[in-house]
Protein chains: 2
Amino acid sequence: MAAGGTGSADTASRILDAAERLVQVRGFNGFSYADVASELTITKAALHYHFASKADLGAALITRYAERFSQALAEVDAATDAAGTVPAAPAKLAAYARLYVEVLRSSRMCLCGMLAAEYPTLPEPMQVAVLGFFDDNEKWLQGVLEQGRTDGSLRFAGSSLDTARVIISSLEGAMLVARPYADVSRLQAAADRMLAGLISTSNTV
Amino acid sequence: MAAGGTGSADTASRILDAAERLVQVRGFNGFSYADVASELTITKAALHYHFASKADLGAALITRYAERFSQALAEVDAATDAAGTVPAAPAKLAAYARLYVEVLRSSRMCLCGMLAAEYPTLPEPMQVAVLGFFDDNEKWLQGVLEQGRTDGSLRFAGSSLDTARVIISSLEGAMLVARPYADVSRLQAAADRMLAGLISTSNTV
DNA sequence: GTCTATAGGCAGATAGAC
DNA sequence: GTCTATCTGCCTATAGAC
């Protein structure tokens, strides 16, 4: 658990990296400890030393993913504000959509989008963590939407909560369907339309 | 394979019913022959008589689902036209969205939405069939969109193809995210917004 | 921390009786 | 068509040596 300092990433992190990729590509029910072990050229027993059960590994996966996503959103806030981008809200939404596009570019599904599909089969701690991820996204988007509505850069009907949910689900859905076609442009097109529908200047067709 | 005529649905159909539900709830990698067998109180061996391999069962599942969906769309066309609904296109889109809502009401994911998540792990014949399902939906929606654009009842930017894809992916995504929350209204809200954004009268915010 | 070895169970699938 | 019995292989997980 402690930082090794030997130069190479510690084993726990490398396990999480490999498992994360496997879950995003094949799903939680579509990979095994043996898959991770063979990828890292260690044994299954070593894996169990770091993560006693698959449920533990899965929960750790979501925790790390959610933390990183949260950091990415904080960086979007910081970068947009530092650049003095005016208006800020549309730029933030565009950056948000870019996060999804980047994930799909590596032929992966969003980790929590994948786990949402498998939700009824997941151990309860994982279920809780998945909902937490979506709740965090929703909250951040709500803030951006309120900001944009206030400064007039965004225009949308209904509540910022409902709008935030539509943004999340339309991006998750576009990833879900685009991936089998190995066609990132399908997601890109959906993201562009979503943004166009929210930005004030292009709101009137 | 032939119709029994004994009064009860034939075994193959009952197997497909149970397996379909299991895939929609738990995913193709989240259920086993044993699950289906115990649900129908028959043995795994009997299952293998009707569907030699799990891949065969999976392919049959998609074929039947796609056929039924296709029939449902034909019925939407027929019912809307028979009712003399004017304009027809918005009514057809609303009926299309209703199909998704009804699936989620039974706590299920769209069969092909679920399989899209598991896509890389599926046997190739199943992969082909999943894409076929989405292609069919796309084609039908494109027709409705063209109809609506022609008679002025629908208004949308860009191609009917891109718009059809956005409709599919936003509904699939809304299902995906709404199900873990056990909240059909999340899908309903997404569907309502999607429709509102396409219908001419409400297009100007 | 990583290994070998193994437990105990369930997966998909087959053989052959009825 | 459905059964019992069984095969083979993989799964998650643990015990104990190094």
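Letters A, B, ... mirror the listed sequences (proteins, then strands); counts begin at 1.
A donor atom on one side chain and an acceptor atom on the other are not found under 3.5 Å apart for B/D151 and B/Q147.
When the C1' atom of C/dT14 is taken as reference, atom CG of B/L47 falls 14 Å away, rounded to whole Å. The distance from atom OH of A/Y49 to atom P of C/dG1 is 4 Å, rounded to the nearest whole Å. Atom P of nucleotide D/dC10 and atom CG of A/N29 are separated by 19 Å, given to the nearest angstrom. Residue A/L40 contributes atom CG, which lies 14 Å from atom C1' of C/dG1 at whole-angstrom precision. Distance B/H50 NE2 to D/dC3 C1': 12 Å, rounded to the nearest Å.
A salt bridge does not link B/E172 with B/R165: none of the charged nitrogens is closer than 4.0 Å to a carboxylate oxygen.
Annotation: side-chain hydrogen bond (donor to acceptor under 3.5 Å, both in side chains) contacts involving residues 71-84 of chain A, sequence neighbours excluded, comprise A/D77-A/K92, A/D77-A/W140. The ring pair (Phe, Tyr, Trp, His ring centres under 6.0 Å) contacts involving residues 57-81 of chain A comprise A/Y65-A/F133, A/F69-A/F133, where partners must be two or more places apart or lie in separate chains.
Residue A/T43 places at least one side-chain N or O closer than 4.0 Å to OP1 or OP2 of C/dC3. Side-chain nitrogen and oxygen atoms of A/T11 include none within less than 4.0 Å of the OP1 or OP2 phosphate oxygen of C/dG1.
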### Query
When you check every protein heavy atom under 4.0 Å of nucleotides 13-18 of chain D, what one-letter string (B, S, -) results, 5' to 3'?
BBB---
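The residue among A/S32 and B/A46 whose nearest nucleotide of DNA chain D is located toward the 5' end is B/A46.
Between the NZ atom of A/K139 and the CG atom of A/L73 there is a distance of 12.0 Å, given to the nearest 0.5 Å. The structure places CG of B/L93 at 6.0 Å from CG of B/L145, a figure rounded to the nearest 0.5 Å.
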